[in-house]
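Please read the structure below before turning to the comments.
In what follows, chains carry the letters A, B, and so on, assigned in the order in which the sequence lines appear, proteins first and then strands, with residues in each chain numbered from 1. Given the structure is predicted, the values throughout are model-derived calculations rather than measurements. Values below: every heavy atom of this structure, side chains too, minus hydrogens, waters and symmetry copies.
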Amino acid sequence: RLRKWQERIRTKDAGERNLQFALSEIDRMASALGVPRSVREVASVIYRRALNEDLIRGRSIEGVATSALYAACRQEGIPRSLDEVAEVSRVPQKEIGRTYRYISQELGLELKPVDPKQFVPRFASALDLSEEVQAKATEIIDVSAEQGLLSGKSPTGFAAAAIYAASLLCNEKKTQREVADVAQVTEVTIRNRYQEQIEAMGFR
Amino acid sequence: MSGPADSIEIQNVVASTGIGQELDLEALADDLPGADFNPDNFPGLVYRTQEPKAAALIFRSGKIVCTGAKSIDDVHEALGIIFDKLRDLSIPVDEEPEITVQNIVSSADLGHNLNLNALAIGLGLEDVEYEPEQFPGLVYRMDEPKVVILLFGSGKIVITGGKQTDDAETAVEEIVERIDALGLLG
DNA sequence: AGATTACTTTACAAAGC
DNA sequence: GCTTTAAAAAGTAATCT
């Protein structure tokens, strides 16, 4: 009985240490990504829920913690791409995506697909673009999405192309390379999306 | 009436069987021209048939997995060729080993572009996986028939997980009905 | 700036780590 | 969980000319 008692304490301590580690990792990654404190708290709640539902069995703590943060960013409307999250995590992108899909399903998060518009303010400010360009990019996304061009396309690539197009239209030109770098997509993707969007806008 | 169901094409059939006899894969790898056997990588020996085109994974236990065939008839034909090759090597093979179809992969065309965003919400986020950052297709798990459907913006779809020949047709009729009910089918 | 090749997702069996 | 095999869908990416 004494053994059992000691084991319970040991297990409890180990669990407590794991939880502390996960929460500190969420904090570290959130800082590196520059996400607000409120999002870290949402991420912590998601992680604790995953822990209570026993979703961590067979998965790495770091993987679940990273996925919780990725999900929290989406839930709060300030998404980070999987690439960005993977950069500050020690878990490979593929595992983060897989774990996210799993906890999202099991916890019934029911997050809507990422809206490309939500990347515009962050990408545009990283490129020192004006409010005018942001508004134009947002308009381009709305118009081209309404014409069915968004289905199956990566939200970051879609946002990047719209920002590139808007920068040209507003005479604040950024090169495809510059936009590609902040959005973590290739110039080829920007070129392909840009052509479709310009046509949808009735330009060209 | 030509509808989406008429566009269904079987792309791949996965089946399993067994010859009821243990095998020495090292010896078989030497006797079967074109056989690939890397036990360090994978315990199965890989053997490909040209006509019909298929790939078989042959295991030490005598169990065999056949994949890559374009029809159930092709599966039987390809496995028949393999059974005969083994018999030619004086390996006793059951008269008519039972062949079980494990999975049929089909493609089809709904004939209209799809708004995957609206579809994800309309079909119910709880049954749908749509992460365009990771993959351009929307993943829909259907209970009856029990299949998984990948839907793309072009209206082209993939149906997989079915074991019956008509699972794909039933699934296509069902998904068309559900999409239409949402008013999301052109 | 193309073209090519390759990787992402789904399902499934097999034997073994 | 992973390993291997096959095939489709469409998007993205790396590499070469």
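Distance B/L25 CG to C/dA14 C1': 12 Å, rounded to the nearest Å. Put simply, CD on B/E129 is 21 Å from P on D/dA9, counting in whole angstrom units. Distance B/I64 CD1 to C/dC12 C1': 17 Å, rounded to the nearest Å. In this structure, the CG atom of A/L82 is 11 Å from the P atom of C/dT9, given to the nearest Å. In this structure, B/I159 places its CD1 atom 13 Å from C1' of D/dA7, rounding to the nearest Å. For the pair B/Y140 OH and D/dA8 P, the computed distance is 26 Å after rounding to whole Å. B/L150 has its CG atom 17 Å from the P atom of D/dA7, to the nearest Å. Going from atom CD1 of A/I190 over to atom C1' of D/dA13 covers 13 Å, rounded to whole Å.
When all heavy atoms of A/R80 and A/G34 are compared, the closest pair comes out as NH2-O, 4.0 Å. The shortest heavy-atom contact between A/D27 and A/R40 is OD1-CD, 3.4 Å. Nearest heavy atom pair, residue B/P4 against residue B/V176, reads CG-CG2, 4.0 Å. For B/A29 against B/F37, the heavy-atom pair with the smallest separation is CB-CB, 3.9 Å. Closest of all the heavy-atom pairs between A/A166 and A/A137 is CB-N, 3.5 Å.
When Watson-Crick and G-U wobble pairs are counted only if both distances are under 3.5 Å, C/dC12 pairs with no nucleotide at all. Applying the Watson-Crick and G-U wobble criteria (two distances, each under 3.5 Å), D/dA7 pairs with nothing in any strand.
Between D/dA13, C/dT10, C/dA15, one nucleotide has an atom nearer to the side chain of A/T186 than all others, and that is D/dA13. When distances run from any side-chain atom of B/K146 to the nucleotides C/dT9, C/dC12, D/dA13, the shortest one goes to C/dC12. Side-chain proximity of B/N103 to the nucleotides C/dA11, D/dA7, C/dT9 is greatest for C/dA11. For A/K94, counting side-chain heavy atoms from C-beta on, the closest listed nucleotide (D/dA7, D/dA9, C/dT9) is C/dT9.
Between B/S16 and B/V158, the residue anchored closer to the 5' end of DNA chain C is B/V158, taking for each the nucleotide with the nearest heavy atom. Each of A/E187 and B/P136 has a nearest nucleotide on DNA chain D; the 5'-most of these lies closest to B/P136. With the nearest nucleotide of DNA chain C identified for both B/Q134 and B/Q102, B/Q134 has the one nearer the 5' end.
Using a 4.0 Å heavy-atom criterion, one finds that B/S154 contacts the sugar-phosphate atoms exclusively. Using a 4.0 Å heavy-atom distance criterion, A/R193 is classed as a sugar-phosphate-only contact. Note on B/S61: only backbone sugar-phosphate atoms sit closer than 4.0 angstrom, heavy atoms only; bases stay farther off. Contacts of B/G44 with the nucleic acid, taken as non-hydrogen atoms under 4.0 Å apart, are absent. Across all strands shown, B/E133 has no heavy atoms under 4.0 Å from either base or sugar-phosphate atoms.
Between D/dA8 and C/dG2, the two P atoms lie 27 Å apart (nearest whole Å). Across D/dG1 and C/dT9, the matching P atoms stand 13 Å from one another, rounded to whole Å. Nucleotides C/dT8 and D/dC2 are separated by 12 Å at their P atoms, to the nearest Å.
When only modelled atom types and interatomic distance are considered, A/R98 and A/Y102 share no side-chain donor-acceptor pair under 3.5 Å. Checked by atom type, the side-chain pair A/E95/A/S60 shows a donor-acceptor distance below 3.5 Å.
From A/E53, atom CD reaches atom CD1 of A/I56 across 11.0 Å, with rounding to the nearest 0.5 Å.
Listed for the A/E172 side chain is no donor-acceptor partner under 3.5 Å among the backbone atoms of A/L129.
Between the side chain of B/T160 and the base of C/dA11 there is at least one donor-acceptor pair of N/O atoms closer than 3.5 Å.
Using a 4.5 Å cut-off on side-chain heavy atoms (C-beta onward), B/R141 and B/E129 make contact. You'll find the side chain of A/R191 stays beyond 4.5 Å of the side chain of A/Y164, heavy atoms only.
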Report all interatomic pairs (protein N or O, nucleotide N or O of nucleotides 1-5 of chain D) with separations under 3.5 Å.
unit_1, atom_1, unit_2, atom_2, d
D/dC2, OP1, A/R98, NH1, 2.8
D/dT5, O3', B/R48, NH1, 3.3

Close N or O pairs between protein and nucleotides 1-6 of chain C (under 3.5 Å):
unit_1, atom_1, unit_2, atom_2, d
C/dA1, OP1, A/R191, NE, 3.0

